[in-house]
Amino acid sequence: MVLESSKWVMFIVCWLFKNVSCNSVAQKIYVELNNTVPCVRLLNATHQIGCQSSISGDTGVIHVLESEADLEWPLSKGPNPPYMVLLESSLFTKSIMMKMKNASSRVAGVVVVPKTSLPEFSPHTTCPNENTGVYTETYDHNLAHCNTTVWNPRGNGLSYEEFDFPVFSLKEDNETEIIKQCYFDHNRVVNGSGLQYPLCAMQLFSHMYAVTDTATCMRRSSIDFSSFPVKVCEPLGGYNVLAFIRPYNSTAFGHKENESVVIAAARLDSRAFFLEDSAGAEGSVSGFVTLLAAAQALREATQEAPPTRNILFAFFNGEVFDYIGSSRMVYDMKNNKFVIDLDNVHSILEIGQVAVRSGTNLFLHSDPVSRRNNTVHDEVTNLVKNLQSSTAGLNFSFVETGFSQPLPPSSFQRFLRARAIPGIVLADHQTAFNNRYYESFYDNAAHLNLTYPSNLSPEEQLEFVTDTAKSLTEVATAVARALFKQAGGNNSQVNNINADPKTVTQMLYGFLVRSNNSWFQAVMAPELKDVLQPNPPWYYVGVAKLSHQANALTYLVQYLLANLTGTATNLTQSQCKKPDELPNESTYMYSYFWVQGVVPPNSTQRESFCIRTAVRLAKAVSPAFVLGDYVSKEYSTWTESQWKFIKARIFLVASRDLEMLTLGVGVAVLFTSLLVTYFVSTKADVLFSVVREPNNAAY
Amino acid sequence: MTASVFFGCTFIAFGPAIALFLFTIARDPLRVIFLIAGAFFWLCSLLLSSLVWFITVQISNKESSSQQKGLLIFGVVLSVLLQETFRFGYYKLLKKANEGLLMLSAEETMPISIRQLAYVSGLGFGFMSGAFSMINILADSVGPGTIGIHGDSQHFFLSSAFMTMAIVLLHMFWGVVFFDSCEKQHWWSLAVVVISHLLVSCLTFQNPQYVGSLVPTYIIVFLVGLWAFFCAGGSLRNLKLCLTCKDKDFLLANHRPR
């Protein structure tokens, strides 16, 4: 009853803050941190990368790192290990992280607060996807392992290191302020005197179930002892977004006679050290936005006068993790599980990173080894000619790179692994990447100089055509014209093919600033509108889901491509769900989506309609998981570990002395009371003399 | 904080209770039963008082903190009065039960005297009250953190444990005094018990000035303990005899059939 009064005060405080289920004492001790992004564990055939915490969380005294020299305090001088090191993003470098990794008994975890950016930072490897591209020892010894050109020289490989302490990233907001306040109140060393307990500490939980490598964790996942098998890890994967200009019957797999297809490819996904923070502006968005704009530009011309060859717009997902999407497509083509096969592929044009130009040139990369074959060489030369002639009237030009240089990391390499197909990869870099932030979370809208005047509202920003958008529009125009020529289209139509800068700038805004804008809302289906957020979408490919659910990025690209290349129909909503009942519609050839449409100026109801499009999603899960070969050197074997919960909290810790004192006092009290009680109970007859009553018992 | 704080606080809070249970109650099943029944009676009183408090809080103005504070004081006073009422109810029940037990049993003498019942029921009240005060806090003391990040005092766990120990002892002493005064129809000493209970409960409003609530509470524990000692038949002479180990002679001299 007595202590309930203090407990009740806390209950009232809780209720005043409308907290329904509160444990009042826990609320006085812990402050939960909600906006955290953890570093998780990924595994492949040979390694595990990422971070791991212990199963009951890792606790450490908070230390805010001020410079690299300050690392001495947590690593050697500090008297209260283990420490939880709090860094600003400018200190998140490889040397500091490796020093902490080597002293991991004194480091309980690392927390990164994104603030200022470094001038260059790429946590990816220097030679991305070096073992799953086409340049192996057997293909060409000199070109393997980036011997000729190191594509990502700034890469420090931090994303591929393994840490045995948790690493979290906090967004810069109120929670970070609370942590800094707690640190300044309790943990600051005052002029040489030791730190006074209680100290401010943080506990991070990010226990990962999977260990060692993919084969181990897949074996453990498949042991099925109970009716609810626990998955220890899940393969990475998603969906590729594909659209033919002239669609084929989607159930007729295998070779198509007399069909020749030009594939226009781009990459969708991206990553960062903290997977959920992946931005990929220059890395992937520049490429696929250009391809989307080119697809739109080609719509009119190909519908009026369809060219002789078909064009396939392919957006591959999972390319960062050893070419998951493109390797799956090549596998499907080789095994007659796709509507065309490799014999039908005429040539490939891939759009790589195209937004950060260092001049007025864009570079055409080709594969020197396959060009030793004369047929291939002639076709590539023809493609180069088509590309170079397409820049007439535009403010840039295409330049071929040197003959002895291999292809940069691109999905085209997986096609070359299967067959020598002529192809070109467009990029803004001649040798090494111009991208200073390749696969890092700094590769965002600011990196592409997407600046909007400050007085614009979000909707006005959506419409504002930035310089980046203008330059990408030109690239898209050139690509569309080249594709049209490459597909054998009528040359007289070429100059009518123009990409729309408004579309490009709206796409750049939606993919890099805010996906919940009016245009994206108009393009999406009503049941998918929750996919749109006030932030950019995630570019991490994520875990392949069992059901037919894709991630937000895939849906956005799918519906955008549908909008830009499809035709609006007059079907009603119920007809749109079952179009086969109508005479002229067929779900074998087309997909039918019911989209929200725009809101007309004078009303509040959206004008939804049914769009008929040739866009399809194709499963992008590595063939290694289809074949069950988890140690494959041929295909991607990346999996993501599962976990139970991930959370972080801060609190004060008391000194060891106080704890031991409490225990000591407790034991002393128990001992004393045992002694006294024994004494009193044995002498009870004497101590408590009873007034004699005949009927009462004595002790 | 950690396991050491958990065990330390458990031993502090429940040390005397465990010792008393082990040495005086555990051997006799009848005493165990009455202990548990006493605990149950306390639980019923808590249920009733919390029901009333819950309803009054729901219909009150949740925003006004002065009203909430007033409601808290009202709740505390109501709970103390209900606990003492239930103690009285238990006393009446035990009197009736004792007569019934006597009629049923073959022996001529009562298996358990009213004085023992007083002690056992007081201890039962103390056990349950201590459990409700302390278990929630002990559960949170196992984690790595200690109270203080919002500026509260660090010594919450320790002072809660000491307060709980005081409460357990107090309930035991109040039980003895209460039953004794009911037997002898000393209504004024009954009133003193109730008033001292109210006093101790209201002293906790001093928290977080733990010194201000703990020190007076322990003074009251000592005083009520002395009173209970004298009510239970103790006297200074007995104590002196015990401590100077002359008790054996005393027993032989006053030997009576058991």
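Just so we're on the same page: letters track the sequence lines, and every chain starts at 1. If you're wondering where the values come from, they're calculated on a predicted model, not measured in any experiment.
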Pairs meeting criterion salt bridge (charged side-chain N to carboxylate O under 4.0 Å, His left out) with involvement of residues 149-158 of chain B, two or more places apart: A:Lys28-B:Asp152
Side chain / backbone / both / neither for A:Ile650 at chain B, heavy atoms under 4.5 Å: both
Centroid-centroid under 6.0 Å between A:His207 and A:Trp643 rings: no
Residue selection (most heavy-atom pairs with chain B, distance under 4.5 Å) from A:Leu663, A:Val669, A:Leu670: A:Leu663
Residue B:Thr24 versus chain A: region with a heavy atom under 4.5 Å: side chain
Part of B:Leu20 within contact of chain A (heavy atom distance under 4.5 Å): both
Interface residue of largest heavy-atom contact number with chain B, from A:Ser681, A:Cys182, A:Pro198, under 4.5 Å: A:Pro198
Chain A contact via B:Phe162 - which portion, at a heavy-atom distance below 4.5 Å: side chain
Pairwise distance CD1(B:Ile220) to NE2(B:His197) - rounded to 0.5 angstrom: 11.0 Å
Geometric class of the B:His171/B:Trp42 ring pair [parallel <30°, tilted 30-60°, perpendicular >60°]: perpendicular
Chain A contact via B:Leu22 - side chain, backbone, both or neither, heavy atoms under 4.5 Å: side chain
Under 4.5 Å from any heavy atom of chain A - which part of B:Ser235: backbone
Top of B:Ser213, B:Ala13, B:Pro16 for chain A proximity - count of heavy-atom pairs under 4.5 angstrom: B:Pro16
Residues A:Lys171, A:Glu177: salt bridge by 4.0 Å N-O rule: no
Pairing of B:Glu84 and B:Arg87 as salt bridge, 4.0 angstrom limit: yes
Distance-only donor-acceptor check, side chains A:Ser206 and A:Gln52, under 3.5 Å: no
Proximal component of A:Phe671, with respect to chain B [non-hydrogen, under 4.5 Å]: neither
